[in-house]
Amino acid sequence: MNVLNFVQAFFSDGAHWHGYDGIPTRFLEHVRYAALALAIAAAIGLPVGLLTGHTGRGGNAIAFVANAARALPSFGLLVLAVLLIGFGLLPVMIPLVVLAVPPILVTTYEAVRTVDPAPVDAARGMGMRESRILFRVEVPVALPLILSGLRSAAIQIVSTATIAAYVSLGGLGRYIIDGLYQRNYEKVVGGATLVALLALVTLALFWAVGRLAVSPGVRRR
Amino acid sequence: MIRIDSVTKRYPDGTVAVDRLSLEIPDRSITVLVGPSGCGKTTTLRMINRMVEPTEGTILLDGEDVQRQPVTTLRRSMGYVIQNAGLFQHRTIADNIATVPRMLGWGKQRARERAAELMERVGLDASLAKRYPYQLSGGQQQRVGVARALAADPPVLLMDEPFSAVDPVVRKGLQDELLRIQDELGKTIVFVTHDIDEAIKLGTMVAVLREGGRLAQYAPPAELLSNPADSFVEDFLGADRGIRRLSFFTSDALELTTDAVVPAGAPDAPLTTAETPYLLVTDAEGRPLGWRERGSAGDADRLLPYGRPFRPGTDSLRAALDCAVLSPTGWAVAVDADGRVTGVVSQQTIGEAIRAAHTQAETDAAPARGEDEKVAG
């Protein structure tokens, strides 16, 4: 039996499409964890990245924080969080957010910092306030790069959110972990396929957002 | 009027960018700040709209200290044009131009109409309104930059090396356009450049700054060329300032001769005052065809090129001399607005006119210079 057979067997089994352990439920759970983690990470990474990028200060501190966060193993962090605060959604969010903040923070900082200084100078010279310069001049131009940071964070979250199942939460990780435990490889492969699928959907979603939100003058098309 | 009153800019590391600079910038004229890099010309400009704050001294705008005005209000009352235009690449050309009007709370429709009006004024085709900056050439982008600065009709325009990044042909076009716009609008323009030719072409008054942000000379361009204050200004003006100064003398006093002008096919004119071995041949309309040697009447193929003609009155003595130097016969051809020959003039006659013009300028400048020194002092 090869992988494709596993996939076919998993998706054609009617039992996998219903109930609390059905694909729709697990899929939505997974999306919910990922979306929540991304929202929290963006709420931390975007403002800090925008502000430091605009002022051009704090670049070293950002690099330090980002590297330190990247060095933390997600799974280890999850176990630690559970030991410290017990089971629940919060200990799952901690490693996911820690994972997602560095790419958002670093790319947002770089994106805003590397915006052509000439339009910024022109905007300031015509009497634009700093907040307006940031949101009306810098962000629209930096947007493709900012979105790419959010996108890599989102992809990492989607694949890593499988660890939620280790601490008895749901999500697509349920199939992988249960499958491994039950030596049901059909389930493992099915779960992994769904995670990959969700990652692709995420990519498509960011592509669409980019098309809609980035000005044709910046896309140069 | 903008009055810069013993302004100094000293940076924390001790560098002095501008050193006790005083200038009176007259209304409704172009004042050029020119000098080598590091002379503080851009810093001076940026202190006027408080992009840089002076360490000492004051800058008065119509008698009011710019330091006392809210910085955004001050800047919105001044147009600001920079090198490479600095357009917002995510906005269309029309939206770029409408930036300040929109900031000032104008309605969308009114701002759009204003943008269209300005595009026409700076010589941009209306079809470009919906384009994005990356779709425009460097020269077009710079025109948008000027239009954007003019959008809210500010009385003052600050221009920081606006034409430095475009090629010489486009730059000349932009300079001519600026002079035309200035004729129509009469703004108070402060213009920074490192190009002395640009300064002389555009400036009503030219302030030459030297390294360390000190004023070397502040004078109208013709005065600068005829009487550089010191060897620094002289060196900065370059080797051919004598020739360039001729741009300020009119050519309408030149004595033209028609003795050496003959229609095609006509026999040689008798030798009279115009003692040239050549005759200028014209077509039936009176337009120049070329020079022919005496004694070669009828041999149409052997005409020498006549070079570039000049228009007395419109063109300067410099243009007339240039035509004579370029002409293989040493004679310049004068034409009217329709290109018909009004006469020819020799290098020698132009030389005499130059001497006369110099003498005239010396007598005119003698009392005026005293006043200039008082202003600049």
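Every chain is numbered from 1 and lettered A, B, ... according to where its sequence line falls, protein lines coming before strand lines. Remember, it's a predicted structure, so these values are computed and weren't measured experimentally.
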Begin with the C-alpha distance, continue with both residues' side-chain angles, and end with the deciding distance and a verdict on salt bridge (charged side-chain N to carboxylate O under 4.0 Å, His left out) for Asp176(B) and Lys172(B).
-> CA-CA 6 Å; Asp176(B) 292 340; Lys172(B) 186 183 176 298; 3.0 Å; yes
Salt bridge (charged side-chain N to carboxylate O under 4.0 Å, His left out) between Arg121(B) and Glu117(B): does it pass, once the steps are laid out?
-> CA-CA 6 Å; Arg121(B) 190 174 287 291; Glu117(B) 185 188 322; 5.1 Å; no
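The part of Leu87(B) that comes within reach of chain A is its backbone (N, CA, C, O), which places non-hydrogen atoms under 4.5 angstrom from that chain.
The side-chain heavy atoms of Leu46(A) and Ile146(A), taken from C-beta on, include a pair separated by under 4.5 Å.
Sorted by first and then second residue, the pairs that involve residues 135-163 of chain B and meet ring pair (Phe, Tyr, Trp, His ring centres under 6.0 Å), not counting sequence neighbours, are Phe163(B)-Phe191(B).
The side chain to side chain donor-acceptor pair (under 3.5 Å) test applied to Asp125(B) returns Ser127(B), not counting sequence neighbours. Under the salt bridge (charged side-chain N to carboxylate O under 4.0 Å, His left out) criterion, Glu56(B) pairs with Arg10(B), sequence neighbours left out.
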What are the sub-3.5 Å donor-acceptor pairs between chain B and chain A, distances to 0.1 Å?
from	atom 1	to	atom 2	distance (Å)
Arg46(B)	NH1	Asp121(A)	OD1	2.9
Arg46(B)	NH1	Asp121(A)	OD2	3.2
Arg46(B)	NH2	Asp121(A)	OD1	3.1
Arg75(B)	NH1	Arg124(A)	O	3.3
Arg76(B)	NE	Gly127(A)	O	3.0
Arg76(B)	NH2	Gly127(A)	O	2.9
Tyr80(B)	OH	Asp121(A)	OD2	3.0
His90(B)	O	Ser215(A)	OG	2.8
His90(B)	NE2	Arg136(A)	O	2.8
Tyr134(B)	OH	Arg221(A)	N	3.2

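Heavy-atom pairs under 4.5 Å with chain B were tallied for Ala118(A), Pro119(A), Pro140(A); the largest tally goes to Pro119(A). Taking chain B as the reference chain and counting heavy-atom pairs below 4.5 Å, the highest number among Pro117(A), Ala123(A), Pro216(A) is found for Pro216(A).
Between Pro95(A) and Leu77(A), the shortest heavy-atom distance links the atoms CA-CD2, 3.7 Å.
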